[in-house]
Amino acid sequence: YTSDPDGVRAILRDVFGWRHVDAGEGWLIFAMPPAEVGVHPAEGPTFHSGVRHQLTLMCDDINATIAELDSKGVTAQGHPQDEGWGITVMINLPGGLEMMLYQPRHQLAISPG
């Protein structure tokens, strides 16, 4: 949910280039790129109380991806951080949303390409 759905839809459509259909009145439904799901424990230093989920985008080269997104008006919050399992940074989306971008260092469940 966002206070700026048109802005987020525009980024998913125009910046990320995700295929989509218009379900009517500008309600865009997007095809997702190949995906993986990780399930995290509900405890630890990075857990915020309450039930939550997080959409995170993976990339092959985080610095190149940040530069490409920045050239298209999508900004990163600070600099990439080495988390051990990957290199992460949060990106800003319209309506006050943020999404994690990360370059994984772990084995992937999906095959590239």
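Numbers here simply count residues along the sequence, with the first being 1. This is a predicted model, so every value here is computed, not measured.
- Here the straight-line distance linking atom CG of Asp22 with atom CZ of Arg13 works out to 9.5 Å at 0.5 Å rounding.
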**Q.** Step-by-step side chain to side chain contact (heavy atoms under 4.5 Å, CB included) determination, Leu101 to Leu69
**A.** CA-CA 11 Å; Leu101 174 68; Leu69 292 173; 4.2 Å; yes

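- Taking hydrophobic clusters as Ile, Leu, Val, Met, Phe, Trp and Tyr residues chained together by side-chain heavy-atom distances below 4.5 Å, Tyr102 does not share a cluster with Val89.
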Q: Carefully, step by step, assess Gln81 and Thr88 under the rule side chain to side chain donor-acceptor pair (under 3.5 Å).
A: CA-CA 5 Å; Gln81 301 296 311; Thr88 70; over 6 Å; no

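- Proximity of Asp61 to Asn63: side-chain heavy atoms (C-beta onward) are separated by under 4.5 Å at one or more points.
- The 12-atom threshold is not exceeded at CH2 of Trp27, counting heavy atoms of other residues, nucleotides or ligands nearer than 6.0 Å.
- Counting heavy atoms from C-beta on, the side chains of Phe30 and Arg19 never come closer than 4.5 Å.
- Considering CH2 of Trp18 and CD1 of Ile29, their distance stands at 13.0 Å, rounded to 0.5 Å.
- Using a 4.5 Å heavy-atom threshold, the side chains of Leu12 and His20 count as separate.
- Asp70 is listed as a side-chain neighbour of Thr75, based on a closest heavy-atom distance under 4.5 Å.
- In this structure, CG on Leu97 lies 8.5 Å from CG on Asp4, to the nearest 0.5 angstrom.
- Crowding of His106 atom NE2: a count of heavy atoms from other residues, nucleotides or ligands under 6.0 Å exceeding 12.
- Distance alone, capped at 3.5 Å, places no donor-acceptor pair between the Glu98 side chain and the Asn92 backbone.
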Q.
Using the rule given for side chain to side chain contact (heavy atoms under 4.5 Å, CB included), can you reason through Met32 versus Leu55, listing the C-alpha separation, both sets of side-chain angles and the distance that settles it, and then say yes or no?
A. CA-CA 11 Å; Met32 296 295 295; Leu55 178 64; 4.1 Å; yes

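- In this structure, Arg105 pairs ionically with Asp82, as a charged nitrogen and a carboxylate oxygen lie closer than 4.0 Å.
- You'll find the side chain of Cys59 reaches within 4.5 Å of the side chain of Ile62, heavy atoms only.
- Remark: side-chain polar atoms of Glu36 are paired, donor with acceptor, to backbone N or O of Ala109 under 3.5 angstrom.
- With contacts defined as side-chain heavy-atom distances shorter than 4.5 Å, the pair Pro104/Trp85 does not qualify.
- Under the 4.5 Å side-chain criterion, counting only non-hydrogen atoms from C-beta, Leu108 is in contact with Met58.
- Side-chain contact between Met100 and Gln54 is present, with heavy atoms from C-beta onward closer than 4.5 Å.
- Formation of a donor-acceptor pair under 3.5 Å by the Thr2 side chain with backbone atoms of Pro94 is found in this model.
- For the atom pair CE (Met99) and CG (Leu93), the distance works out to 5.0 Å, reported to the nearest 0.5 Å.
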